[in-house]
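Working notes, structure below.
Just so you know, ligand 1 is whichever comes first in the structure, and atom 1 is the first atom listed for that ligand.
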Amino acid sequence: MTNVRTDWTREEIAGLFNLPFTELLFQAASVHRQNHPPDQVQLCTLLSIKTGGCPEDCGYCSQSVKADSGVEATKLMDVQAVLQSAAQAKDHGSQRFCMGAAWRNPKDRDMPAIVEIVKGVREMGMETCMTLGMLTEKQADMLAEAGLDYYNHNIDSSPEYYERVISTRKFEERIETLDHVRNSGINVCSGGIVGMGETRDDRVGFVHTLATLEAHPESVPVNALVPVKGTVLGDMLHDTPLAKIDDIEFVRTVAVARITMPMSMVRLSAGRESMSDATQALCFMAGANSIFTGDKLLTAPNAGDDSDAALFERLGMTALQGEEPMRACGGQAASKQMAEGVPAE
Ligand code: SAM
Ligand code: DTB
Ligand code: SF4
């Protein structure tokens, strides 16, 4: 098992990014196979349980009221409809059901339905993940009590670049919610987006923030920007001057996340639809070991089950069986211990 460090410096992380590509990939693949089965990928399914009309101004997001993306605002879905969708995902082989709501934060009046959903999906034997925006301590505790397995809350980019993408909340507020989630005992899922016009140095700062949290997130989603027309960043990408992220630079980011957070699940998240099979294969080689399946993310199209089945067949890869390493060895408490240099048993 690789030693888990939370004392990475920005210089060390920049040094990893600067390695010759073949050397970086070799190091990442070595760390990967020491801690995870290298031919298995976790399958997760996403469902938007409350779409659009979000008051936040995240420059990438189709669901912001500030975006002219054509996404219609809906109310929170009925509990039964969510459970039906989860059953379908389970039939398609998904291990985890991730539910997203286009909220700045859940209102207290929303919590009873959310709690019912978490309990229902868990009873079906699937892992649950939710992403509902900022949480108070009390709300995090309620979700923990309901049995929520994971909470997704992305830091999205470096602290410096964050404020150029979102003005309606602060980076520190994201970290505060992550603290509430961690303290409640729910597993943390936190990552971000590559290809928003940030520099290499911002990508260093992004990985550095996650890799120096007191305990690493159990899941680290790395999204490639999906350029949605009508969003600030999507329009910049369609009409230049924002160029699509270089595939090799994207793979480098995955590799550096894998090396610095060896036990975490690194999720190749949004953006796979426009990625070649070869680039996705490089991401798996670099340590990505989780994907979203199905033909839709929250509002944007996803690669789809058929193309994923064909890709897995081509690569000789299979769906992850069994438990993730950080959970198998006792979850965040164990990862904290390891971070403090006490080896897990
Ligand atoms: N409203 C909640 C929040 O922002 O925390 C939860 C939903 S939000 C859509 C979840 C994450 O999806 C964002 O933090 C962002 O990282 C990612 N995301 C949203 N739009 C995206 C896009 N166009 N391309 C890539 N990732 C995107
Ligand atoms: C994450 O990091 N990526 C997922 C999930 N967490 C919630 C969301 C991707 C959204 C892509 C754009 C869309 O579907 O609107
Ligand atoms: Fe709202 Fe989340 Fe989209 Fe930001 S990313 S606009 S908070 S739904």
Side-chain angles (χ1 to χ4, degrees), residues 44-67 69-74 76 96-106 110 114 129-135 150-157 161-162 165-171 173-178 181 188-198 206 210 217 219-238 242 244-245 250 257 265-275 288 290-303:
C44 310
T45 300
L46 253 182
L47 176 70
S48 180
I49 59 171
K50 193 269 166 234
T51 308
C54 181
E56 303 274 41
D57 69 352
C58 312
Y60 47 77
C61 188
S62 62
Q63 305 195 69
S64 162
V65 283
K66 303 278 160 48
S69 61
V71 168
E72 269 183 49
T74 67
L76 179 63
R96 183 176 305 171
F97 198 58
C98 308
M99 295 156 273
W103 284 327
R104 174 175 165 80
N105 53 265
D110 301 316
I114 294 290
C129 177
M130 287 207 158
T131 178
L132 314 169
M134 294 185 274
L135 293 182
Y150 287 79
Y151 194 79
N152 166 247
H153 200 66
N154 289 344
I155 61 161
D156 279 340
S157 194
Y161 199 67
Y162 191 84
V165 178
I166 299 146
S167 76
T168 48
R169 57 170 187 251
K170 294 201 165 16
F171 191 79
E173 290 178 290
R174 295 304 268 186
I175 302 288
E176 244 171 57
T177 291
L178 290 179
V181 174
V188 172
C189 170
S190 187
I193 309 180
V194 178
M196 298 193 290
E198 77 284 349
F206 158 61
L210 295 172
S219 295
V220 178
V222 183
N223 298 276
L225 176 71
V226 178
V228 182
K229 277 203 172 155
T231 62
V232 176
L233 289 170
D235 286 348
M236 278 172 75
L237 210 135
H238 281 291
L242 180 62
K244 185 178 174 288
I245 185 74
F250 185 84
M265 301 297 286
V266 175
R267 184 166 309 119
L268 176 54
S269 302
R272 283 198 309 118
E273 203 221 4
S274 58
M275 244 175 235
S290 176
I291 58 169
F292 286 120
T293 57
D295 52 16
K296 200 168 169 203
L297 293 164
L298 290 172
T299 67
N302 192 27

Would you say the side-chain atoms of [X] pair up with the backbone N or O of [Y], donor to acceptor, closer than 3.5 Å?
X    : Y    : value
N223 : G192 : yes
R272 : F292 : yes
R104 : T168 : yes
K50  : T74  : yes
D57  : I166 : no
S69  : T231 : no
S290 : R267 : no

Would you mind checking which non-hydrogen protein atom is closest to [atom], with the distance to 0.1 Å?
atom                    : answer
atom 3 (C) of ligand 1  : R174 NH2, 3.7 Å
atom 12 (C) of ligand 2 : A300 CB, 4.0 Å
atom 7 (C) of ligand 1  : T131 OG1, 3.9 Å
atom 6 (N) of ligand 2  : N152 OD1, 3.3 Å
atom 24 (N) of ligand 1 : V226 N, 2.9 Å
atom 8 (S) of ligand 3  : A102 CA, 3.6 Å
atom 17 (C) of ligand 1 : I193 CD1, 4.2 Å
atom 3 (Fe) of ligand 3 : C61 SG, 2.3 Å
atom 12 (O) of ligand 1 : N154 ND2, 4.4 Å
atom 10 (C) of ligand 2 : L298 CD1, 4.1 Å
atom 15 (O) of ligand 2 : T299 OG1, 2.6 Å

Under a 4.0 angstrom heavy-atom cut-off, which atoms of ligand 1 come close to L298?
9 (C)
Atoms in ligand 1 flagged as close to W103, the criterion being non-hydrogen separation under 4.0 Å
1 (N)
Pick one of side chain, backbone, both or neither for how [X] approaches ligand 1, counting any non-hydrogen atom pair under 4.0 Å.
X    : result
K50  : neither
C58  : neither
N223 : side chain
A101 : backbone

Is it the case that ligand 2 has an N or O less than 3.5 angstrom from some N or O of T131?
no
Got an N/O contact under 3.5 Å between N154 and ligand 2?
yes
Would G192 count as a contact residue for ligand 1, given that I'm defining contact as a non-hydrogen atom of the residue lying under 4.0 Å from a ligand atom?
no
Contacting atoms of ligand 2, where contact means under 4.0 angstrom from a heavy atom of S62:
15 (O)
Using a 4.0 Å cutoff against the non-hydrogen atoms of P221, which atoms of ligand 2 qualify?
2 (O)
Between atom [atom1] of [X] and atom [atom2] of [Y], what is the distance when rounded to the nearest 0.5 Å?
X    : Y    : atom1 : atom2 : value
T45  : R96  : OG1   : CZ    : 11.0 Å
M134 : R169 : CE    : CZ    : 6.5 Å
L135 : E176 : CG    : CD    : 11.5 Å
L132 : N152 : CG    : CG    : 9.5 Å

Nitrogen or oxygen atoms of [X] and ligand 1 under 3.5 Å apart:
X    : answer
Y60  : yes
L132 : no
D156 : yes

Knowing that exactly one of Y161, Y162, Y60 qualifies, which makes a side chain to side chain donor-acceptor pair (under 3.5 Å) with D156?
Y60
Heavy-atom distance to atom 7 (S) of ligand 3: which of M134, R169, H153, Q63 wins?
R169
For atom 1 (Fe) of ligand 3, which of C58, A101, C54 has the closest heavy atom?
C54
Minimum heavy-atom separation for [X] and [Y], please, with both atom names.
X    : Y    : result
N302 : K296 : CB-N, 3.7 Å
S190 : L178 : OG-CD1, 3.7 Å
A102 : G52  : CB-N, 3.6 Å
L225 : G195 : CD2-O, 3.5 Å
G271 : V226 : N-CG2, 3.7 Å
T177 : Y151 : CG2-CE2, 4.3 Å

Atoms of ligand 3 under 4.0 Å from any heavy atom of Y60, numbered from 1 in the order shown, are 5 (S)
Sub-4.0 Å atoms of ligand 3 with respect to non-hydrogen atoms of E56:
1 (Fe), 4 (Fe), 6 (S), 7 (S)
Using heavy atoms and a 4.0 Å limit, tell me yes or no: is N223 in contact with ligand 2?
yes
Heavy-atom gap Y60 to ligand 2 smaller than 4.0 Å:
no
Would you say atom 5 (S) of ligand 3 has a protein heavy atom nearer than 4.0 Å?
yes
